[in-house]
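Here the structure comes first, spelled out in C-alpha cells, and everything after it is commentary.
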Amino acid sequence: MSRKRQSYDGVALVAPVSVPYQRYSIETAHWWIARALKGALDAAGVKPRDLDGFSVASFTLFPDTAVGLTQHLGLCPRWLDHIPMGGASGVVALRRAARAVQTGDADIVACVSGDTNHIDSFRNMLSSFSRFSMDASYPYGYGGPNANFALLTDRYMQEYGATREDFGKICVAQRANALKNPGAVMKKPLTLEQYLGARPIADPIALFDCVMPCAGSEAFLVMTVEEAEKRGLRYATIGGAIERHNAHAEDAIQLRGGWTLDIEELYQQAGCSPEDIDLLQTYDDYPVISMMQIEDLGFCGKGEAPQFVQSHDLTIEGNFPHNTSGGQLSGGQAGAAGGFIGLVESIRQVTGQAGGTQVANAKTAMVSGFGMINYDRGVCTSAAILKGAGT
C-alpha cells in the first residue's frame, strides 16, 4: 500500500518563459537552454549566484548532461537533476523541484528544457533513442514514431469508432489557438478540409497529425510562496501532481496510460474535480494521444473522447479550452521541451500572463505529459493541477 502523498503547500511557480521556436537552428541545445534560463532569471529578478537548484531535460545535449551545463553556464547549485523522460519531463521536473524547495534542499530551482534542431538532429536522436526501438522496430524498416502511432491510431479507431474528422477537430482547434501565439511555428490557418486532404504519412496518419520537430526552449522557476511574494512575483501553486511509468504493461496495445492508476488521488489532492478545470493542456505528439488523455484524466469515459471532442469547442474562447498555445501540433515540438510547453503555458494562464492566448477567468489548469515511446507504447505519464494564487 502506498502512503498518502503529501501536499505541495508553500511552493510557488514563477517566471514562465518560452523562447520562440525555430524550424531549424545552427545553435546548440546549450544555447537554447541558456536563453530560457536567462529569460526566467531576468523575469524574476534572480541573479545566477542566487540559483541553487537546476533541473534540465534535453535530447540533443549529448554528450553533456545537467552536470556539464553547470560549468558551461557558470552555475554552482547545491541541488541538480537531469530528467530524460521526454513528454513527461515537465511535470516530473516540477514534482522533484517542489519537494527540494519544501525540504530546504534548494531555495530557488530553475526547471529548463530545450533542444536544437539541425538538419540531421531528428535522425541522429532516433538512431540511439532506445534499445527496444533498435531491436523491435528498426529490423522492420522504420525507426521513427509515425509508424508506431499509426498502429495505435488504427487500433483506437477500430476499437472506439473514431474517425479522421474527430482527430481533425483537435488539430484545427489547436491551429486556431497557435495563430494567437507569436512564438508558434505554424502561422497559417488550417481547415478541416485541408486536414482531411493532407498527404498520407503512415496510414491512417497524415501530415497534420504529426508534430513539427523544431528548436526551442522552455523554463520556469520554483521557490517558496514567501520568496515569490517578497519579490512581488505573480505565481501559481500546485494543487497536485502525479507520475507513473510502464503502466498497464499487460495491454496488447496502448489504449490507456498510467494516469488511470492515480487520477482519483490527483483530484483529491487538489480538492477539485474535472468540472473545476478551466483549461487542459495535453501532450499532443499525435491527436489520438490527446484523446487518450481526455479519457484517462476523467473528462469522459474510455472510448468516448471522439464524441466529447465533437461536442465541445476546444479553442481559447470555447467551453473546453485545450492546448491554448497551439500545443506541439501547431506550436512545434522542440524535443524534450515538448514535455514543458503545456506546463509553462499553464503557469502563464493561471497567473494572467498568457497574452493573446489567455483564457478568460482561468484559475485552475490541468497539464498532462506522455513520453518515451519505445516501440509499442509510451512508458512515462504525468499530470498536475495548477492554481492561481488565492484559488
Side-chain angles (χ1 to χ4, degrees), residues 1-5 57 59 82-96 125-160 162 202 204-205 211 240-269 282-305 336 338-339 342 366-384:
M1 296 232 0
S2 298
R3 292 184 298 134
K4 183 179 180 181
R5 301 175 200 261
F59 288 130
H82 187 98
I83 303 177
M85 299 185 193
S89 60
V91 172
V92 174
L94 169 70
R95 298 184 73 224
R96 296 181 181 182
M125 182 185 73
L126 290 177
S127 68
S128 58
F129 188 74
S130 79
R131 176 55 62 182
F132 270 118
S133 292
M134 292 179 185
D135 291 346
S137 297
Y138 298 167
Y140 292 93
Y142 61 90
N146 289 332
N148 301 81
F149 281 98
L151 294 173
L152 192 157
T153 300
D154 184 66
R155 178 62 178 271
Y156 186 93
M157 294 172 76
Q158 292 185 39
E159 191 80 15
Y160 302 122
I205 286 174
V211 290
I242 57 173
E243 67 179 272
R244 183 69 70 157
H245 308 279
N246 196 34
H248 306 305
E250 69 280 7
D251 291 358
I253 192 167
Q254 187 173 34
L255 296 179
R256 57 179 175 164
W259 310 282
T260 58
L261 301 178
D262 305 287
I263 189 61
E264 291 184 7
E265 188 176 4
L266 176 62
Y267 284 120
Q268 291 171 4
Q269 193 176 37
T282 65
Y283 187 81
D284 62 314
D285 49 357
Y286 298 85
V288 68
I289 299 304
S290 288
M291 282 198 180
M292 187 189 302
Q293 287 162 90
I294 288 170
E295 295 166 349
D296 291 355
L297 295 171
F299 294 97
C300 64
K302 178 53 64 179
E304 296 176 0
M366 174 178 275
V367 55
S368 55
F370 174 83
M372 307 312 292
I373 183 168
N374 281 325
Y375 69 99
D376 65 339
R377 65 194 65 233
V379 180
C380 306
T381 56
S382 62

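What you see below is based on every heavy atom in this structure, not just the backbone, and it leaves out hydrogens, waters and symmetry mates.
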Self-check item: By ring pair (Phe, Tyr, Trp, His ring centres under 6.0 Å) - contacts of Tyr160 (at least two apart)
Solution: Tyr156
Self-check item: Closest contact, heavy atoms only, Gly257 versus Asp296
Solution: N-OD2, 2.7 Å
Exercise. Measure the OG-CZ distance between Ser382 and Arg244 for me, rounded to the nearest 0.5 Å.
Key: 12.5 Å
Quiz prompt | Salt bridge Arg3-Glu265, side-chain N to carboxylate O under 4.0 Å | solution = no
Quiz item: Which pair of non-hydrogen atoms, one from Ala150 and one from Pro204, has the smallest distance, and what is that distance?
Solution: O-CD, 3.4 Å
Quiz item: Can you name the nearest heavy-atom pair linking Ser89 to Ala336, along with the distance?
Solution: OG-O, 3.7 Å
Quiz item: Once you round to the nearest 0.5 Å, how far does CD of Glu159 lie from CG of Asp154?
Solution: 11.0 Å
Exercise. Compare every heavy atom of Cys380 with every heavy atom of Met372, then report the nearest pair and how far apart it is.
Key: CG-SG, 3.8 Å
Self-check item: Rounded distance [0.5 Å steps], CG in Leu151 versus CZ in Arg377
Solution: 12.0 Å
Exercise. With rounding to the nearest 0.5 Å, note down the distance linking NZ in Lys302 to CD1 in Ile294.
Key: 10.5 Å
Quiz prompt | Lys/Arg N to Asp/Glu carboxylate O, Arg5 vs Asp262, below 4.0 Å | solution = yes
Exercise. List for me each residue that meets side chain to side chain contact (heavy atoms under 4.5 Å, CB included) alongside Val211, sequence neighbours excluded, and say none if there are none.
Key: Asp285, Gln328, Leu329, Gln333
Exercise. Kindly give the heavy-atom pair with the smallest separation between Leu266 and Gly240, and that separation in Å.
Key: CD1-C, 3.3 Å
Quiz item: What class does the angle between the rings of Phe370 and Phe149 fall in, given that below 30° is parallel, 30 to 60° is tilted and above 60° is perpendicular?
Solution: perpendicular
Self-check item: Reported CG-to-CG distance for the pair Leu152 and Asn148, which is rounded to 0.5 angstrom
Solution: 9.0 Å
Self-check item: Under 3.5 Å: donor-acceptor pair, side chain of Glu243, backbone of Ala383
Solution: no
Exercise. Rounded to the nearest 0.5 Å, what's the gap from CD on Glu295 to OG1 on Thr260? Could you check?
Key: 11.0 Å
Quiz item: Where is the tightest heavy-atom contact between Gly258 and Thr381, given as atom of each residue plus distance?
Solution: CA-OG1, 3.3 Å
Quiz prompt | Close side-chain approach of Ile242 and Arg95, heavy atoms under 4.5 Å | solution = no
Practice problem: Could you give me the CA-CA distance, side-chain angles and deciding distance for Met292 and Trp259, then say whether side-chain contact (heavy atoms from CB on, under 4.5 Å) is met? | Solution: CA-CA 10 Å; Met292 187 189 302; Trp259 310 282; 4.1 Å; yes
Self-check item: Gln269 side chain to Ala241 backbone, donor-acceptor under 3.5 Å
Solution: yes
